[in-house]
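Model, not experiment: these values are computed from the prediction. All chains are named by letter (A, B, ...) in the order of the sequence lines, taking the proteins before the strands, and each is independently numbered beginning at 1.
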Amino acid sequence: MQAVTDRFYHWYKQIDIESKKREEFCKLSEESQVIKQRKQKAQELEKLGINLFPNDIKPPERAGAIKKVYEKYDAEALEKVEDTFRVAGRIMALRRFGKAAFFSLKDSSGSIQIHVMRDRIGKDAYKIFKKFDIGDIVEAEGRLFRTKTNELTIEADRVRLVTKSMRPLPEKYHGIKDKELRYRRRYEDLIMNDDVAETFRTRARIIQMLRHYFTSNGFLEVETPMMQSIVGGATARPFVTHHNALGIDLFMRIAPELYLKRLLVGGFDRVFELNRNFRNEGISLQHNPEFTMLEFYEAYATYEDLMVRTEELFAQIALDIKGDTKFQYQDHEIEMAPPWKRMTLKESLVEVGGVPEEELDDKDALNKRLEGMGVEMGKDLVLGKYLAKLFDLLVEPKLIQPTFITHYPTDISPLARRNAQDPSVTDRFELFITGREIANAFSELNDPRDQKERFEEQVAKRGDDDEIPPEVDYDYVRALEIGMPPAAGEGIGVDRLVMLFTDSPSIRDVILFPQLRPEGGKRSAS
RNA sequence: GGGCCGUUAACUCAGUCGGUAGAGUAUCUGCCUUUUAAGCAGAGAGUCGCUGGUUCGAGUCCAGCACGGCCCA
């Protein structure tokens with residue numbers, strides 16, 4: 001117990017030192033003149049009896065909703081509208097004259113211009129208004145009118161400070177461009193870049209559609225452990241953590257698969273889970289250490305049924321988000337209307353990858369080919385590993401239009417059912433769009449004897465590069481022994497799906513707070 | 001893990017051959033009651049990522065490190 005205490009003592013001490021460093025780092029910008037001036041202005045407002053952070057604002061009307069109704073009214077028609085409108089939002093641009101000003105007020109629905117005149121709101125109120133800054137959140141109320149340039153505008157009868165901004169917003173025209181700053185300070189990115197906010201609204205819509213599709217098709221949404229004592233369901237290096245009271249190490253899950261299939265055994269014959277997985281691997285344009293995965297399992301279905309389901313689901317999303325099954329992604333025009341192309345893994349290697357057919361069952365030839373491409377795989381791996389590697393390099397990037405690749409080798413598909421005609425391959429597919437893997441699915445292996453053998457063989461043949469703790473999940477085998485109905489299951493990479501439908505080139509553009517090194521230095525608990 | 005590029009004011013960016021640090025936005029002061037990247041006049045604002053080296057002198061050249069981006073494995 002003492003050892004644990006010591007460990008945390010040192011850890012906390014280190015955190016203290018580093019957070020002090022970070023505070024110093026931040027203080028530098030605290031010293032900046034603009035921030036000092038803002039803080040002073042805030043104090044001046046307080047001296048005038050203004051609450052900088054009031055909490056008695058009634059829910060305002062939304063700028064977007066007002067515009068939607070009154071955008072079609074001309075100046076004359078607006079004069080007949082006697083209603084006043086009360087809005088609240090952030091001052092985004094401010095054009096002051098001597099005794100009047102225009103500013104644009106932005107809320108989550110859009111923005112609307114406000115006109116403030118001294119002679120209308122009163123001398124004292126105008127004096128206070130003069131201390132408002134770009135970035136402040138304010139409330140304004142008044143009637144609608146059209147300016148000389150025909151912009152729908154609220155003529156303010158009163159304006160009120162809602163939240164004082166102590167720090168200037170980024171430059172008004174260029175916004176915040178530096179990608180590092182945009183990811184670190186997503187709040188500023190969201191304020192300044194409307195398209196970023198739109199991307200995350202689209203993300204939310206896609207997730208809602210996924211959830212709706214599965215629940216309305218009789219699937220039960222479940223939550224299974226994210227902290228697992230045996231890591232399984234995929235091949236990836238896990239994050240390790242420790243539970244003090246139990247005194248055991250736990251792994252953050254790399255996939256929920258084995259738990260979801262236990263639920264098939266338990267009698268939930270259509271289940272899905274839409275949640276985070278964690279993989280302790282590299283970060284790239286399509287990899288974040290934590291990412292969102294949708295996995296669903298359907299009893300009495302086969303992988304072929306799931307291809308149809310996937311086509312239907314994705315086409316529906318395309319219609320809803322893009323209004324068409326055909327849409328642009330970066331430099332490509334994608335056509336999502338079913339049916340999609342289907343090829344076996346080997347066919348794709350020959351037809352797309354240009355690998356001679358006679359090499360396909362020859363490990364040495366494949367390894368030689370890989371070496372020729374500068375890839376050191378090592379000898380004596382299972383055949384499937386060479387095929388998969390060649391596929392990754394030669395075929396995957398070329399699969400721009402939606403394509404199902406089927407018949408993956410059994411030796412790299414330890415949880416998939418063998419193909420009835422050819423037991424060396426499985427009833428499995430992966431879906432590729434824009435050169436990226438989007439989904440992985442198979443008819444599930446439910447023969448406990450075969451599963452146990454494959455687990456044990458996987459452990460025995462574990463290569464040094466595998467990074468999976470060599471452990472057979474015997475409880476999962478026991479569950480299969482109770483009996484799992486024939487089923488098929490699929491995992492869909494939600495972040496990549498969102499990238500596709502929001503035309504985003506990087507996974508970091510669709511994750512609100514992507515993983516970065518902490519500002520001001522590394523920290524390690526070890 | 002490797003290669004290339006970047007890091008200068010709160011933000012977006014210039015900075016020539018190594019010779020006292022620049023612009024726009026934002027901020028402050030003054031003028032201005034229909035602007036919308038408002039305008040005009042003026043002002044203030046910098047640990048040039050960090051550490052070392054070369055040099056009479058380094059934002060600039062060299063080395064190492066940090067953080068980030070892109071490409072490759």
Side-chain angles (χ1 to χ4, degrees), chain A residues 18 21-22 24-42 44 75 78 91-106 111-123 126 129-136 144-156 165-185 187-189 191-193 237 281-287 370-371 373-377 389-390 392-393 396-397 465 505-509 514-523:
Chain A
E18 286 179 8
K21 262 194 270 178
R22 272 176 230 186
E24 291 292 314
F25 184 81
C26 285
K27 265 185 193 159
L28 287 178
S29 50
E30 298 295 323
E31 304 293 328
S32 108
Q33 190 195 26
V34 184
I35 291 170
K36 273 188 196 159
Q37 281 169 339
R38 283 225 171 176
K39 291 191 169 165
Q40 197 184 335
K41 218 191 267 186
E44 286 165 17
L78 283 177
I91 299 178
M92 292 304 291
L94 180 56
R95 296 171 285 278
R96 292 183 196 275
F97 305 88
K99 300 176 189 67
F102 287 97
F103 65 87
S104 66
L105 177 147
K106 180 178 173 182
S111 53
I112 191 161
Q113 181 169 259
I114 314 289
H115 187 222
V116 183
M117 285 193 295
R118 191 193 65 175
D119 294 348
R120 192 171 187 91
I121 68 165
K123 258 188 181 173
Y126 200 79
F129 168 71
K130 274 185 153 178
K131 296 203 185 296
F132 290 5
D133 288 307
I134 290 172
D136 289 352
L144 290 168
F145 77 108
R146 282 197 183 272
T147 63
K148 279 182 183 168
T149 52
N150 210 35
E151 178 159 354
L152 185 68
T153 301
I154 290 177
E155 182 64 76
S165 169
M166 302 287 201
R167 196 176 272 270
L169 287 179
E171 202 247 13
K172 67 178 171 188
Y173 188 62
H174 298 93
I176 179 166
K177 277 215 150 54
D178 186 302
K179 282 194 182 177
E180 179 180 354
L181 292 183
R182 288 181 44 200
Y183 297 141
R184 286 195 197 282
R185 309 181 196 164
Y187 40 91
E188 287 183 14
D189 192 25
I191 292 169
M192 300 307 295
N193 299 321
R237 184 194 299 195
E281 299 186 337
I283 293 174
S284 80
L285 285 186
Q286 22 178 345
H287 298 89
L370 279 161
E371 279 173 1
M373 296 165 65
V375 182
E376 294 298 328
M377 294 280 290
K389 191 73 190 175
L390 278 167
D392 286 350
L393 296 172
E396 179 168 342
D465 61 324
S506 167
I507 197 168
R508 291 182 159 190
D509 297 328
Q515 198 61 52
L516 297 171
R517 283 198 169 83
E519 204 169 21
K522 287 189 223 175
R523 173 185 299 160

[Y] side chain reached by [X] side chain, heavy atoms, under 4.5 Å:
| X | Y | answer |
| --- | --- | --- |
| K177(A) | R182(A) | no |
| R146(A) | L152(A) | yes |
| E281(A) | H287(A) | no |
| S111(A) | M92(A) | no |
| M192(A) | E171(A) | no |

Closest listed nucleotide, where the reference is the side chain of [X] and the choices are [options]:
| X | options | result |
| --- | --- | --- |
| P168(A) | A26(B), U12(B), C32(B) | A26(B) |
| T153(A) | A26(B), U35(B), C11(B) | U35(B) |
| R184(A) | C67(B), U12(B), C70(B) | C67(B) |
| F145(A) | A26(B), U34(B), U12(B) | U34(B) |
| H174(A) | U12(B), C32(B), A73(B) | U12(B) |

Please measure how far the [atom1] atom in [N] lies from the corresponding atom in [M], and state the result in whole Å.
| N | M | atom1 | answer |
| --- | --- | --- | --- |
| G59(B) | A41(B) | P | 33 Å |
| C71(B) | A10(B) | P | 30 Å |
| G18(B) | U55(B) | C1' | 9 Å |
| U20(B) | U7(B) | C1' | 24 Å |
| A45(B) | G52(B) | P | 27 Å |
| U8(B) | G15(B) | P | 14 Å |
| A21(B) | A9(B) | C1' | 10 Å |
| C11(B) | C50(B) | C1' | 23 Å |

Rounded to whole Å, please give me the gap between [atom1] in [X] and [atom2] in [N].
| X | N | atom1 | atom2 | answer |
| --- | --- | --- | --- | --- |
| K177(A) | G6(B) | NZ | P | 19 Å |
| E188(A) | A26(B) | CD | P | 16 Å |
| H115(A) | C32(B) | NE2 | P | 15 Å |
| M192(A) | A10(B) | CE | P | 16 Å |
| E44(A) | C28(B) | CD | P | 10 Å |
| Q33(A) | A9(B) | CD | C1' | 10 Å |
| R38(A) | A10(B) | CZ | C1' | 9 Å |
| E376(A) | G2(B) | CD | P | 18 Å |

Considering every strand and a 4.0 Å limit on heavy-atom distances, what is the contact class for [X]: base, sugar-phosphate, or nothing?
| X | result |
| --- | --- |
| K41(A) | sugar-phosphate |
| R96(A) | base |
| E171(A) | base |
| K99(A) | base |
| L285(A) | sugar-phosphate |

Can you tell me if [X] touches the phosphate of [N], counting only side-chain N or O atoms and a distance under 4.0 Å to OP1 or OP2?
| X | N | result |
| --- | --- | --- |
| R167(A) | A10(B) | no |
| R517(A) | G68(B) | yes |
| K179(A) | C70(B) | yes |

Compare every heavy atom of [Y] with every heavy atom of [X], then report the nearest pair and how far apart it is.
| X | Y | answer |
| --- | --- | --- |
| K131(A) | E44(A) | NZ-OE1, 3.2 Å |
| V116(A) | A156(A) | CG2-CB, 4.3 Å |
| R38(A) | I134(A) | NH2-O, 2.9 Å |

* Give each stem of RNA chain B as a range with a range, requiring at least 3 consecutive Watson-Crick or G-U wobble pairs whose two distances are under 3.5 Å. =>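 Paired runs of 3+ in RNA chain B: B:1-7 with B:66-72, B:10-13 with B:22-25, B:27-31 with B:39-43, B:49-53 with B:61-65.
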* Does F102(A) stack onto the base of U35(B), taking stacking as ring centres under 5.5 Å apart and planes under 30° apart? ->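 Yes; by the centre-distance and plane-angle rule, F102(A) counts as stacking on U35(B).
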* Decide whether a cation-pi geometry holds between R96(A) and F132(A); the criteria are a distance under 6.0 Å from NZ or CZ to the six-membered ring centre and an angle within 45° of the ring axis. => no
* **Donor-acceptor pair (no angle test) under 3.5 Å: Q113(A) side chain, U35(B) base** => yes
* Starting at the 5' end of RNA chain B, which residue's closest nucleotide do you reach first, G175(A) or G98(A)? -> G175(A)
* **5'-most by nearest nucleotide on RNA chain B - P170(A) or E155(A)** =>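 Between the two, 5'-proximity favours P170(A).
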* Determine the interplanar angle of the H115(A) and F145(A) rings, folded into 0 to 90°, and report it as parallel if under 30°, tilted if 30 to 60°, perpendicular if over 60°. => tilted
